[in-house]
Amino acid sequence: MSTAGPPATLDPYAIREDFPILSTVLHGDKPLVFLDNAASTQHPRQVIGALTEMYEKHYANVHRGIHWLSEQSTDLYEQTREKVRAFINAAMTEEIIFTPGTTASINTIARSWGDAHLTPGDEILLSVMEHHSNLVPWQQLAERQGAVLRHLPITDDGHLVLDQLDELLTERTKLVSLTSISNVLGTVNPIREITRRAHDAGALVLIDAAQHAPHLPLDVAELGCDFLAFSGHKMLGPSGVGVLYGRAEILDALPPFLGGGSMINSVQLDRFTPADLPAKFEAGTPPIAPAIALGAAIDYLNNLGLEAVHQHEVQLTRYAHDLLEGIAGVQILGPRAEEKAGIVTFVLEGIHAHDVAHLLDRQGVAVRAGHHCTQPLHDRLGVTATSRASFYLYNTLAEIDQLGDAILHAQHVFRRR
Amino acid sequence: MSNDEDVYQEHVLDHYEDPYHRGQCEHATHAHEERNPLCGDIIEIQAAIDPSGKLAELFFDGDGCCISQASASMLVERLDGKTIDEVKNFSARDMLDLFGARLTPNRQKCCLLSWRALQAAIHSPLVEGDESASSSQPSGPALNEES
């Protein structure tokens with residue numbers, strides 16, 4: 001891959017050279033068509049290389065020893081924190097907490113902020129399209145603290161009903177926790193406007209950016225949100241590492257969630273004083289090597305330019321919509337192609353999503369089938385299971401043709417064509 | 001080479017599209033619903049078990065993939081009118097053999113959903129205290145299901 005500055009458009013064929021797994025051939029002669037990127041993405045040699053290099057040359061625990069290796073490891077780990085800060089334009093590195101992933105990030109706020117600040121009758125506003133990871137932690141919190149959950153509804157074509165926002169934002173609303181991009185519908189939510197209106201109503205705002213950070217530029221300074229969460233494994237990085245961003249003045253005042261090593265200033269037999277940010281929220285040995293490899297993933301994305309990544313996905317999504325809309329018996333859920341991210345969730349008339357995924361897999365095409373951790377959304381849409389094709393920077397128009405052919409094949413097997 | 005036809009054979013699709021005894025059992029004495037939480041498949045088995053221990057009527061209902069629904073139809077067709085002992089002796093392996101097509105461990109779970117529902121149903125009388133048709137032991141030799 002060329003490193004001569006960010007190109008205006010991506011060349012997915014050149015990019016694919018960096019991803020060894022994408023040359024996989026399965027079921028005898030079927031080239032892998034990997035369209036399950038909203039679940040987890042694949043890794044370029046640069047990220048795999050960063051992991052290998054870390055383990056072969058620099059690895060030791062961080063913030064512990066004064067020996068040479070520990071200092072190396074700590075330097076690399078903290079350099080990555082700075083890369084993440086710049087990636088989302090946070091004000092300072094203390095606002096970047098490494099966690100095991102989006103789920104852990106959200107649970108940290110639910111436990112730390114939620115347990116400290118919510119009283120019975122307080123309200124948290126979510127939406128109907130949330131991933132279970134941005135729903136269940138709040139249900140658990142509501143049960144502990146007697147808080148009340150409210151849910152912004154969606155339209156039939158998968159947009160938030162903003163007309164109801166003012167009504168749902170009451171003087172009891174303490175937090176709005178919302179996905180930036182739906183992991184099923186691909187809807188890109190107007191998080192900036194919602195953040196502003198939530199702040200006007202006196203509520204804090206948490207953004208679930210798991211489907212945003214890998215695909216579109218993020219700027220927390222411009223967005224103004226109070227907390228933001230995303231995962232490394234959906235953006236070319238390893239599993240096991242994610243990020244919690246929080247505004248320093250808020251995080252500073254919060255009690256720690258997990259207790260243990262690293263998160264303390266001093267410990268006596270009957271008490272402790274917590275460490276300063278960000279260590280306060282990083283109890284125990286953190287995901288050292290995965291975090292450093294996430295730094296390599298950020299370098300890779302910065303080199304391509306997230307705007308170029310986005311434009312590539314727009315092209316793929318429009319092409320997929322045109323193709324699938326031309327196949328009788330295919331119904332795409334969610335907004336029109338022009339109004340969403342690179343996620344195309346669909347149902348085939350008369351064929352269950354698991355059978356679709358099974359038959360597509362036999363043609364080498366990997367899609368996700370099921371409820372995608374959004375059971376309430378599927379209830380709202382009146383479907384039990386759907387199939388989801390989700391795109392990333394290495395996918396090609398030819399692969400979408402293969403998706404279309406595989407769908408036709410599935411319909412043929414089911415005697416629907 | 002694709003072996004789609006190995007799984008989605010004609011007789012499987014026939015059961016899926018035109019199932020045997022899909023619906024409600026009018027005089028049900030026993031019933032049980034099983035779900036696969038991973039994929040949302042649901043099978044409910046309803047049976048009318050007469051005093052002699054015979055499944056006089058056997059029905060299923062549910063929602064899910066072709067394999068879960070077609071296998072339920074095959075199972076109900078095979079065991080309708082049989083005795084409780086015959087149901088208990090019908091093993092998980094028998095169920096997979098009845099289905100015919102080779103299945104990966106994950107899809108075996110789809111195939112065994114109705115079998116699990118039936119084995120539980122014969123121990124699940126609809127009227128409380130009516131244990132005449134069953135013992136308290138779960139029956140049916142299970143496969144060592146992998147995940």
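As the structure is a prediction and not an experimental result, all values here were calculated from the model. Lettering follows sequence order; numbering is per chain, from 1.
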Work out which heavy atom in B:Asp63 is nearest to a heavy atom in A:Thr384; give both atom names and the distance.
OD2-CG2, 3.2 Å

Which residues share a side chain to side chain contact (heavy atoms under 4.5 Å, CB included) with A:His132, sequence neighbours left out:
A:Val136, A:His371, A:Cys373, A:Gln375, A:Pro376

Of the backbone (N, CA, C, O) and the side chain (C-beta and beyond), which part of B:Glu17 lies under 4.5 Å from a heavy atom of chain A, both, or neither?
side chain

B:Arg78 CZ: over 12 foreign heavy atoms closer than 6.0 Å:
no

Does the side chain of B:Val7 reach to within under 4.5 Å of the side chain of A:Arg362, using non-hydrogen atoms?
no

Residues, nucleotides or ligands: over 12 heavy atoms within 6.0 Å of B:Glu86 CD
yes

With sequence neighbours excluded, residues passing side chain to side chain contact (heavy atoms under 4.5 Å, CB included) with B:Ala120:
B:His32

Minimum heavy-atom distance between A:Phe414 and B:Cys66, given as atom pair plus value
CZ-CB, 3.6 Å

A:His358 NE2 to B:Leu103 CG distance, which is reported to the nearest 0.5 Å
8.0 Å

Residue A:Ile21 excluded, over 12 heavy atoms near CD1 under 6.0 Å:
no

Check the surroundings of atom NZ in B:Lys82: do more than 12 heavy atoms from other residues, nucleotides or ligands lie under 6.0 Å from it?
yes

Tightest non-hydrogen contact, residues A:His354 and B:Arg107, listed as O-NH1, 3.6 Å

Please find the pair of heavy atoms, one from A:Asp355 and one from B:Tyr8, that lie closest to each other, and give the distance.
OD1-OH, 2.8 Å

